[in-house]
Amino acid sequence: DAGVIQSPRHEVTEMGQEVTLRCKPISGHNSLFWYRQTMMRGLELLIYFNNNVPIDDSGMPEDRFSAKMPNASFSTLKIQPSEPRDSAVYFCASSPDRNYGYTFGSGTRLTVV
Amino acid sequence: KNQVEQSPQSLIILEGKNCTLQCNYTVSPFSNLRWYKQDTGRGPVSLTIMTFSENTKSNGRYTATLDADTKQSSLHITASQLSDSASYICVVSLPPDKIIFGKGTRLHILP
């Protein structure tokens with residue numbers, strides 16, 4: 001079991017550019033979560049999918065952020081246009097059920113300059 | 001307002017000693033409470049999950065307790081090891097899908 005796989009591990013981009021983060025959940029897990037972590041705010045849930053359907057996107061900061069899950073084995077988080085305040089570590093996590101523990105990926109460290 | 005407060009913010013102890021981390025929450029209603037360990041540069045890893053009716057749960061040298069009446073949880077680490085140096089995050093879930101994270105306690109184990 002390779003776990004939750006995220007790519008890239010690190011991303012440095014200029015303000016205004018589009019950024020796409022990718023996630024491959026654990027096979028068979030029905031729930032997928034995108035989180036953002038900063039020193040100031042800790043971990044924040046951005047959006048949660050269940051069976052590929054977005055259930056709760058109330059944590060998505062603004063319209064610049066969008067997430068998709070076209071199938072059970074792949075999800076993307078897109079930021080367009082990116083801003084310096086988006087700099088953070090973005091984690092993807094999956095779970096067999098939202099009431100169970102989540103398995104986190106290693107995260108993508110995003111730096112917007 | 002639903003909140004999860006952890007204390008202390010950071011803690012330094014000597015290897016081999018025990019320690020206890022605290023989590024107080026104002027969340028209501030309540031589905032479950034989880035403790036996660038996050039090593040630097042890595043994603044959080046689940047240590048324990050407790051529902052409303054559970055008072056204690058162990059995972060090796062980690063023991064979590066829950067008092068649903070006072071809305072307090074603690075994570076006790078026994079005979080600490082250098083590898084226990086990490087951030088420990090308390091997470092409380094509300095039905096149906098709301099999740100609230102604590103800011104974490106940063107634990108440093110000194111040799």
Side-chain angles (χ1 to χ4, degrees), chain A residues 1-10 21 23-26 29-51 53-60 88-111, chain B residues 1-10 21 23 25 27 29-54 57-60 62 64 73 75 86-107:
Chain A
D1 183 357
V4 176
I5 300 173
Q6 289 187 247
S7 64
R9 283 300 308 273
H10 303 274
L21 311 181
C23 175
K24 182 181 184 331
I26 292 175
H29 281 194
N30 297 326
S31 298
L32 182 140
F33 307 80
W34 281 101
Y35 293 92
R36 178 172 67 178
Q37 187 175 39
T38 61
M39 288 290 291
M40 290 294 292
R41 300 171 69 95
L43 269 167
E44 300 173 283
L45 176 65
L46 299 176
I47 187 170
Y48 148 58
F49 291 87
N50 193 47
N51 292 322
V53 177
I55 302 299
D56 182 2
D57 65 354
S58 59
M60 296 286 263
V89 180
Y90 290 81
F91 286 103
C92 175
S94 70
S95 172
D97 182 279
R98 62 176 181 267
N99 293 317
Y100 287 81
Y102 316 135
T103 301
F104 282 78
S106 296
T108 294
R109 181 173 294 278
L110 173 65
T111 303
Chain B
K1 182 180 178 183
N2 290 317
Q3 287 185 311
V4 177
E5 301 285 343
Q6 291 189 245
S7 62
Q9 268 194 321
S10 63
L21 314 180
C23 174
Y25 59 94
V27 170
F30 167 91
S31 292
N32 56 62
L33 185 146
R34 313 162 198 245
W35 282 94
Y36 283 87
K37 177 188 178 189
Q38 186 176 19
D39 293 312
T40 302
R42 307 291 293 273
V45 174
S46 180
L47 294 176
T48 62
I49 302 173
M50 288 184 291
T51 60
F52 179 84
S53 60
E54 295 177 290
K57 185 160 281 189
S58 292
N59 179 357
Y62 301 101
S73 176
L75 180 69
S87 289
Y88 292 83
I89 303 170
C90 176
V91 184
V92 180
S93 299
L94 301 77
D97 297 308
K98 189 73 173 175
I99 302 166
I100 301 176
F101 289 85
K103 292 280 198 308
T105 292
R106 180 68 190 160
L107 177 64

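Just so it is clear: chains get the letters A, B, ... in the order the sequence lines come, proteins before strands, and each one is counted from 1.
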Checked E44(A), R9(A), Q37(A), R109(A) vs chain B; the most non-hydrogen pairs under 4.5 Å come from Q37(A)
When rounded to the nearest 0.5 Å, the distance separating OH of Y36(B) from CZ of F104(A) is 5.0 Å
Under 4.5 Å to a heavy atom of chain A? For I89(B) that would be side chain
query = Side chains of Y48(A) and I99(B): does their closest heavy-atom pair fall under 4.5 Å?
reply = no
All heavy atoms of F91(A) vs all of R42(B), minimum pair found to be CZ-O, 3.5 Å
Cut-off 4.5 Å, heavy atoms of chain B, and the answer for R41(A) is backbone
Separation between CE (M40(A)) and NZ (K103(B)), nearest 0.5 Å, reads 8.5 Å
Cut-off 4.5 Å, heavy atoms of chain B, and the answer for Q6(A) is neither
Turns out that what part of I55(A) lies under 4.5 Å from chain B's heavy atoms comes down to side chain
